[in-house]
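In the text below, chain A, chain B and the rest are named by the order of the sequence lines, each starting its count at 1. Hydrogens, waters and symmetry mates play no part in the numbers below; they use all other heavy atoms, side chains included. Note that this is a predicted model, so its numbers are computed, not measured.
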Amino acid sequence: MKLVTAIIKPFKLDDVREALSEIGTSGITVVEVKGFGRQKGHTELYRGAEYVVDFLPKIKVEVAVVADQVEQAIEAISGAAKTGKIGDGKIFVTSLDQVVRIRTGETGPEAL
Amino acid sequence: MKLVTAIIKPFKLDDVREALSEIGTSGITVVEVKGFGRQKGHTELYRGAEYVVDFLPKIKVEVAVVADQVEQAIEAISGAAKTGKIGDGKIFVTSLDQVVRIRTGETGPEAL
Amino acid sequence: MKLVTAIIKPFKLDDVREALSEIGTSGITVVEVKGFGRQKGHTELYRGAEYVVDFLPKIKVEVAVVADQVEQAIEAISGAAKTGKIGDGKIFVTSLDQVVRIRTGETGPEAL
Amino acid sequence: MEDILNLRYALDTFYFLVCGALVMWMAAGFAMLEAGLVRAKNTAEILTKNIALFAIASIMYMLVGYGIMYPEGGNGIIPALDFSFMFGGDNDPAAVLAQDPAGWYEGDYYSGMSDFFFQVVFVATAMSIVSGAVAERMKLWSFLWFAVVMTGLIYPLQGYWMWGGGFLDALGFKDFAGSGVVHLAGASAALAGVLLLGARKGKYGANGEIRAIPGANMPLATLGTFILWLGWFGFNGGSELILSNVGEANAVAAVFVNTNAAAAGGVVAALLAARMIFGKADLTMTLNGALAGLVAITAEPLAPSPLWATIVGAIGGILVVFAIITIDKIRIDDPVGAISVHGVVGMWGLMAVPFSNEDATFSAQVTGLLVIFGWVFMASLVTWFILKVTVGIRVSEEEEFEGVDIGECGLEAYPEFVGSRGSGR
Amino acid sequence: MEDILNLRYALDTFYFLVCGALVMWMAAGFAMLEAGLVRAKNTAEILTKNIALFAIASIMYMLVGYGIMYPEGGNGIIPALDFSFMFGGDNDPAAVLAQDPAGWYEGDYYSGMSDFFFQVVFVATAMSIVSGAVAERMKLWSFLWFAVVMTGLIYPLQGYWMWGGGFLDALGFKDFAGSGVVHLAGASAALAGVLLLGARKGKYGANGEIRAIPGANMPLATLGTFILWLGWFGFNGGSELILSNVGEANAVAAVFVNTNAAAAGGVVAALLAARMIFGKADLTMTLNGALAGLVAITAEPLAPSPLWATIVGAIGGILVVFAIITIDKIRIDDPVGAISVHGVVGMWGLMAVPFSNEDATFSAQVTGLLVIFGWVFMASLVTWFILKVTVGIRVSEEEEFEGVDIGECGLEAYPEFVGSRGSGR
Amino acid sequence: MEDILNLRYALDTFYFLVCGALVMWMAAGFAMLEAGLVRAKNTAEILTKNIALFAIASIMYMLVGYGIMYPEGGNGIIPALDFSFMFGGDNDPAAVLAQDPAGWYEGDYYSGMSDFFFQVVFVATAMSIVSGAVAERMKLWSFLWFAVVMTGLIYPLQGYWMWGGGFLDALGFKDFAGSGVVHLAGASAALAGVLLLGARKGKYGANGEIRAIPGANMPLATLGTFILWLGWFGFNGGSELILSNVGEANAVAAVFVNTNAAAAGGVVAALLAARMIFGKADLTMTLNGALAGLVAITAEPLAPSPLWATIVGAIGGILVVFAIITIDKIRIDDPVGAISVHGVVGMWGLMAVPFSNEDATFSAQVTGLLVIFGWVFMASLVTWFILKVTVGIRVSEEEEFEGVDIGECGLEAYPEFVGSRGSGR
Ligand SMILES: Nc1ncnc2c1ncn2[C@@H]1O[C@H](COP(=O)(O)OP(=O)(O)O)[C@@H](O)[C@H]1O
Ligand SMILES: Nc1ncnc2c1ncn2[C@@H]1O[C@H](COP(=O)(O)OP(=O)(O)O)[C@@H](O)[C@H]1O
Ligand SMILES: Nc1ncnc2c1ncn2[C@@H]1O[C@H](COP(=O)(O)OP(=O)(O)O)[C@@H](O)[C@H]1O
């Protein structure tokens, strides 16, 4: 099982969620984060003092899938989150050793 | 070393924290997230417009433990977080390559 | 590729960001979390009732790097985040199976 | 002379309207105070309760309450009823001007409409006190039903006993602007509700420990307190009922000064008391201290010197800190401290009257206190009980955990602020 | 007699100033209401708009608007112009006191400066209505340009037609405090703007679905409503224009009572309507209900009995719920419901006058309504259109997604609250 | 005649009380403004400071300050002392009515209690100015000790020099409502505090760079500004001290109009200045602009025409933008801009008087300015210094990083909003 984590632009969340549900993922977890990659932020003035807004608001989307589904998930997310502009975000994939559904105690792919 | 990540109902946090401290984990990190699994959210009306509240508030609890303790941690969390109702949450386990305690520079299980 | 995750004191964020950019990491993601380790929190009184503030505010910094850079990143973060006092935080390292840059579709180290 | 009387009437009416508008503003104060002291997940609901109760009070008092409280001719216990106010009408100008100037202030010396306006906002104040105490767990609609009964019947009846010229007035009970008739009454209704309702889930641990449940928004709570402080100048200042000559103008000014002094005394005393007990400058206690000072002086804001007014307020400020701690200890869960501020300190306010006002007696004050508490508490208990066994008064455990905002109002007070949001950014 | 006249003049002037200050306070109400009903990322900008529009209205009305609206001698359609107000000057005391007391209230019976003060805050109110409707997507500077034209020309001209003694007044059109002249006018300008501007991105789905975009801060929205409620006592109460005798004092008091009653009716009606349609106690609808009640009574707050005032407000409260839903359905995107509250209910307010005021006729009311709507809508449409083709009125798609706060104001309203913050902790 | 005098006295007293209540409301304005402009972690403490300083000012001024500032018989520099106010007492009605109507306004023409009420809220205003400048790093209790000295001694003494009939008054120094006596005085005390206190950690980088520390809550800051704007009508309007005849009523009305005009001018000018310098519509500068306009007109809100009042305010608005930037550059860290708004613009206000008021001279204005600044700055410096070497004035570095809310008040202002919360949901 794999955990696919995507950092996307906030307003793309709805599209990503729909794209993921279309390929049949069973759930997702999101959190607001701030970050920067190549998109470096910009300078603002607040009351005359410079203010580097280097961290821009992003949404982190986590979806746990069976290993087979990883490619599909990446494609779904990339397709939905892409605007072609800088700051579109990144996807990270990590391995899950175990998954447990608390309510039933099911484990492994069953639990997804 | 393993990182045990649990997505639980917010009001269960205190119970989970206590259960974890009882089995002797040395620390935890929490963050508010929103998510959905089988529990699909519900529809609300805001000023007459439909509004799918698909993302429900959850708490994500992360606890790093030595490999031996994973089962214990899963049980502790499951036991404390379970209400038997849909939306109880999920537990994910990933492997940690390395852990460092910043203050002392200790690494590995020492650092937990 | 590795994901280096550090839990640090909030006011150290700027220093950590600078330290990381000096070693040439290409981006970071941060989120506010609460947590405790050996630093156990303290008791407050709110309107006369006891109130254990066990979760203290921390910042979680995530930076994805090529495997070679992990040590450097750990050192950069440790150096910048250290005050020598309890609560300085921890660093966790996990393996990344895959990284994708959404805008270009690049994958692997290219995408970092 | 007619010109003079016209002016007098106009000035006293205007004074009444301005004071009434200030009291109306207290509704916003209660709303903000309570919204600041509950958790974010229960905020929209408490806001809804506060605006709806003000509206209900306005309507019920117009339809029924005013006609219970003020018509002449009751026997002191049972009022004469007169529900004609809703159809309008006011003093006839010609008749007003024909009154003998000598007995002017016994006659119709200001607009009847302005009288209603000033009275109606008092009812709403009493009702506002209740909403805070039962916050975070009471069903919205049951609360609103209670508001109908409270503002239509329970409050007006005891109001009649005192201010409508009933038996408490005859007894020599003194309550200038309502430490008893408004604040203690509100707190008594709240206490009855809380007793039947029980504590919030998680407030008291299995092993008897008392858990703190911090309020979500301190600026709102502070704003609410400042609003109430401002509004109280109307509440007490308007209760002099006359402004239009030197003696009365002096009296109104003294009431303003003493009201401010008592609030100041309450703030400093509560701040120091909290500092001594907790080692910290607990802001919420300080805010409660301001309100305690205000409640304490309300029963007699005219007779005291500024110094004594400050002391009356300060004693209120100390009292409220201990009352909140004690009431919490005996497991009466009052999220905003309303029972302590308006009930316990309201009693202190009533008992403090004889110290500065020679016409007051301790026995009359005790009697008044007991009658108000007894009637409002019992009548409320019955009302709450009927609601409990019929429609229910408490939300489900699940709704309580999730927050009543979603369950009762279908929306969140701060949909974006707590962690991430689903959509709509 | 001179002593009497001095006092009368002073009292009426003071009454005007107090009411004017209350209306000025409504600017804060609109700012808070709108800041609560938009998303966090667009909050600083709406605050900037609100304070800037008030300032612009104050300046433009002083320079130009007042001189269009009130000078005597126009022909009913084209006003006489007199821009001397900016240089100051007021009634000469000696001349004032030399006036014949019999015709006192036709003369200069209160300060001209106080008259301006009361009038200028009305203009700002009309303009405040616009900012909410075009929120979250309109360019700040284009909005402010529009404010210049609206407060300098569009509003004053129709104001002259009615309150300045122009042809609508001659026709017998009745609009006591401005359901039409202020509220409908503001809503008409807003509607024109929204039509040219289009809906917010994401408000309407590709398949025609209507998406909810919840407001970020319910306590602010509620506070704003309470502020408006309080300010409205000045808005309607001051519009009686005289206080200083028994009959007039009674009238002002009646206006206060009815204004409160209508707001209360609006709250209860909207709460119940929302409950019936949505199954929940939608707080935002309840707030709109309060405002709807207030707008509805504004055209005639004096003649009704308290009961009828409550009903007029309640009908407004029901109307606003359906109007908001309907306007949303026809894809006019009004984030705060301003067009419904001030436009649709403003029309109801105008049409309700003849029910309680015998001097009013439905035909005159319809005429007035159409003239105000027609003029303000068309003149605004032209102004918006010119702005659209020159400087543009809509922010870029990217800025809209990111939030206009960063783009227009260079700062965030709550820089710390949404997730993590970059630096500065 | 007696009837007339009764009415006059009542009306002037009421006018004073209403204006005083409006000024009291400014305390809420400062609290909200400052709570909005600091970081979330320091919000509860600034709220505590604001409500506590108001209470301390009320008590100290009653006990000591009023008895320094206003008793007759001092020598112009050293006041006669009379601390009897705390025991109450007011003008005797019979004596009042026995006064010769010809010299009426030189006698006791309004309640002494109302006079105190109006004065006491002014002291609190001066003290409120200080809290913002020293925010986010000063110890709560040291600040409150300073408040005791400032409101009990430092402010009243210079108040005596000017408004108590001391040597500044004799010199022909003109300061209608206190650009100097209140605003510059407050700013001078603040400056002394900031100099001894130093900048917030992280405000200035090791390499001299100036870092922005954005305020946490823009709606609160905006609300605070609107509150201050409203309160200022009482502040300036009440300072005319008489209302009850045609000439005086005109004067009060002119003050209202000019106060509003200056605020409007300040908003527009600061908005445009910020736009030109920063390329953005900086909301916080716009808010400071409104306050700058108000401070600027305060020294002379009566004599100017509306147009000139607007210009005086506009110059204040431009000045404040440059002052804030400059003061920041010379590393004086003032989180809310209090020293710029009240100090720099306060000076401008004083110097602007001779342009519209022929009785004023530049030399007297400069003298007054220097005396107020000199005395308050030096006396404050000594007081702050004594506090620094005894109890200390600055919180520990750790407490500053963590936020003073936890350290000083033991609670958080928004316990739930920043990321996750520990328990209690
Ligand atoms: N190396 C990295 N480590 C952690 N997070 C990253 C990294 N690179 C990018 N991110 C996250 O992804 C978000 C989007 O990155 P983006 O600017 O699109 O990067 P790029 O242009 O390099 O693809 C950033 O705001 C940040 O949160
Ligand atoms: N496949 C998944 N990937 C990521 N997060 C998930 C996944 N499934 C569930 N979650 C998270 O766990 C929370 C609880 O899930 P729940 O509704 O109890 O799921 P289930 O009923 O499938 O066990 C969700 O709100 C979501 O945050
Ligand atoms: N075992 C753990 N699992 C998860 N998070 C941890 C763990 N230990 C520490 N943390 C996180 O690191 C933060 C800093 O920990 P700290 O108190 O410095 O730990 P220690 O003193 O053990 O190094 C904590 O607030 C918590 O968020």
Side-chain angles (χ1 to χ4, degrees), chain E residues 3-7 9-11 13-14 16-18 20-21 24-25 27-28 31-32 35 43-44 47-48 50-52 54-56 58-59 62 85-88 90-91 93 96-97 110-111 113-114 116-117 120 140 217 220 223 408-417 419-420 423-425, chain F residues 1 4 7-8 11 15 18 22 39-41 202 211-219 222-223 225-227 229-230 233 237 243-250 252-254 256-257 260-261 263-265 267-268 271 278-284 286-287 290 304-307 310 414 417-419:
Chain E
D3 288 323
I4 293 282
L5 298 184
N6 267 316
L7 275 166
Y9 186 98
L11 180 58
T13 297
F14 186 54
F16 234 37
L17 292 174
V18 170
M24 178 270 153
W25 184 226
M32 293 303 112
T43 303
L47 294 166
T48 308
N50 270 280
I51 196 160
F54 188 84
I56 289 173
S58 296
I59 295 175
M62 172 193 68
F85 175 78
M86 67 180 98
F87 305 114
D90 207 328
N91 305 318
V96 164
L97 297 172
Y110 63 89
S111 153
M113 281 281 168
S114 73
F116 173 80
F117 185 69
V120 72
L140 173 65
N217 197 321
L220 282 188
L223 175 65
E408 298 278 37
C409 302
L411 49 75
E412 292 171 73
Y414 311 98
E416 304 181 25
F417 290 169
S420 62
S423 66
R425 186 176 178 102
Chain F
M1 197 64 215
I4 294 280
L7 273 166
R8 254 195 221 164
L11 180 58
Y15 146 73
V18 169
L22 284 174
R39 285 164 290 178
K41 65 179 176 181
R211 300 225 190 91
I213 303 185
N217 198 321
M218 289 304 122
T222 308
L223 175 64
T225 303
F226 273 117
I227 292 176
W229 192 324
L230 174 62
F233 294 122
L243 168 84
S244 58
N245 62 48
V246 173
E248 294 294 342
N250 283 348
V252 174
F256 270 65
V257 167
N260 191 62
V267 164
V268 170
L271 183 67
F278 310 144
K280 293 283 169 73
D282 188 315
L283 171 61
T284 69
T286 310
L287 301 178
S305 67
L307 185 62
T310 309
Y414 310 97
F417 289 168
V418 183

State yes or no: are the ring centers of F:Phe233 and E:Phe117 separated by less than 6.0 Å?
yes
If I take atom CG from residue F:Leu287 and atom OG1 from residue E:Thr48, how far apart are they, to the nearest 0.5 angstrom?
7.5 Å
Option in F:Ala261, F:Ala249, F:Ala290 with maximal non-hydrogen atom pairs under 4.5 Å from chain E
F:Ala249
Based on non-hydrogen pairs under 4.5 Å, which of F:Thr286, F:Asp282, F:Leu271 is most in contact with chain E?
F:Leu271
Hey, which of E:Asn91, E:Ile59, E:Ile56, E:Asn6 has the most heavy atom pairs under 4.5 Å with chain F?
E:Asn6
Contact part of F:Ile227 toward chain E, heavy-atom cut-off under 4.5 Å: side chain, backbone, both or neither?
both
For the pair E:Leu7 and F:Arg8, evaluate side-chain contact (heavy atoms from CB on, under 4.5 Å) and give the outcome as yes or no after the intermediate values.
CA-CA 7 Å; E:Leu7 275 166; F:Arg8 254 195 221 164; 3.9 Å; yes
Which bit of F:Arg211 comes within less than 4.5 Å of chain E, counting heavy atoms only: side chain, backbone, both or neither?
neither
So do E:Leu223 and F:Leu223 actually touch side chain to side chain, heavy atoms under 4.5 Å?
yes
Below 4.5 Å from any heavy atom of chain E, which atoms of F:Phe256 appear? Answer side chain, backbone, both or neither.
both
For F:Leu243, is it the side chain, the backbone, both, or neither that has a heavy atom closer than 4.5 Å to a heavy atom of chain E?
both
In short, F:Ala264 meets E:Ser58 closest at the heavy-atom pair CB-CB, 3.7 Å
Stepwise, does the side-chain contact (heavy atoms from CB on, under 4.5 Å) test hold for E:Leu411 with F:Lys280?
CA-CA 9 Å; E:Leu411 49 75; F:Lys280 293 283 169 73; over 6 Å; no
If one checks every heavy atom of F:Ala254 against chain E at 4.5 Å, the contacting part turns out to be both
Might you point out which heavy atoms bring E:Phe87 and F:Pro306 nearest each other, and give the distance in Å?
C-CD, 4.2 Å
Rounded distance [0.5 Å steps], CG in F:Asn250 versus CE in E:Met113:
8.5 Å
So how far is it from F:Asn217 CG to E:Glu416 CD, rounded to the nearest 0.5 Å?
9.5 Å
By a 4.5 Å heavy-atom criterion (distance strictly below it), what part of E:Leu17 contacts chain F: side chain, backbone, both, or neither?
both
Look up atom CZ in F:Phe226 and atom CH2 in E:Trp25, then write down how far apart they are to the nearest 0.5 Å.
9.0 Å
Provide the closest heavy-atom pair for F:Pro219 versus E:Ala413 in the form atom of the first, atom of the second, distance.
CD-O, 4.1 Å
Could you grab the distance from atom CE of E:Met24 to atom CG of F:Asn260, nearest 0.5 Å is fine?
6.5 Å
If you take all heavy atoms of E:Thr13 and F:Ala253, which pair is closest and at what distance?
CG2-CB, 4.3 Å
Where does E:Ala31 contact chain F at under 4.5 Å (heavy atoms): side chain, backbone, both or neither?
side chain
Given side chains that start at C-beta, do those of F:Met218 and E:Thr43 come closer than 4.5 Å, heavy atoms only?
no
Which of E:Ser111, E:Ala35, E:Ala52 touches chain F most, by non-hydrogen pairs under 4.5 Å:
E:Ser111
Run E:Asp3 and F:Met1 through side-chain contact (heavy atoms from CB on, under 4.5 Å) and show every step you take.
CA-CA 9 Å; E:Asp3 288 323; F:Met1 197 64 215; 3.4 Å; yes
Quick one, F:Val252 and E:Phe14 - any side-chain contact, counting heavy atoms below 4.5 Å?
no
Atom CG in F:Leu283, atom CD1 in E:Ile51: separation rounded to 0.5 Å?
7.5 Å
So which heavy atom on E:Gly88 is nearest to which on F:Ser305, and how close?
N-CB, 4.1 Å
Go through it in stages, so that I can follow the logic: the residues are E:Phe54 and F:Val267, the test is side-chain contact (heavy atoms from CB on, under 4.5 Å), and I'd like the CA-CA distance, side-chain angles, deciding distance and then a yes or no.
CA-CA 9 Å; E:Phe54 188 84; F:Val267 164; over 6 Å; no
Shortest non-hydrogen separation from E:Pro415 to F:Pro214 and the atoms involved
CG-CB, 4.0 Å
In terms of heavy-atom proximity below 4.5 Å to chain F, should E:Leu97 be classed as side chain, backbone, both, or neither?
side chain
Chain F contact via E:Leu47 - which portion, at a heavy-atom distance below 4.5 Å
both
So which of E:Ser114, E:Gly410, E:Ala28 has the biggest tally of heavy-atom pairs under 4.5 Å with chain F?
E:Ala28
Applying a strict 4.5 Å limit to non-hydrogen atoms, the region of E:Phe85 in contact with chain F is both
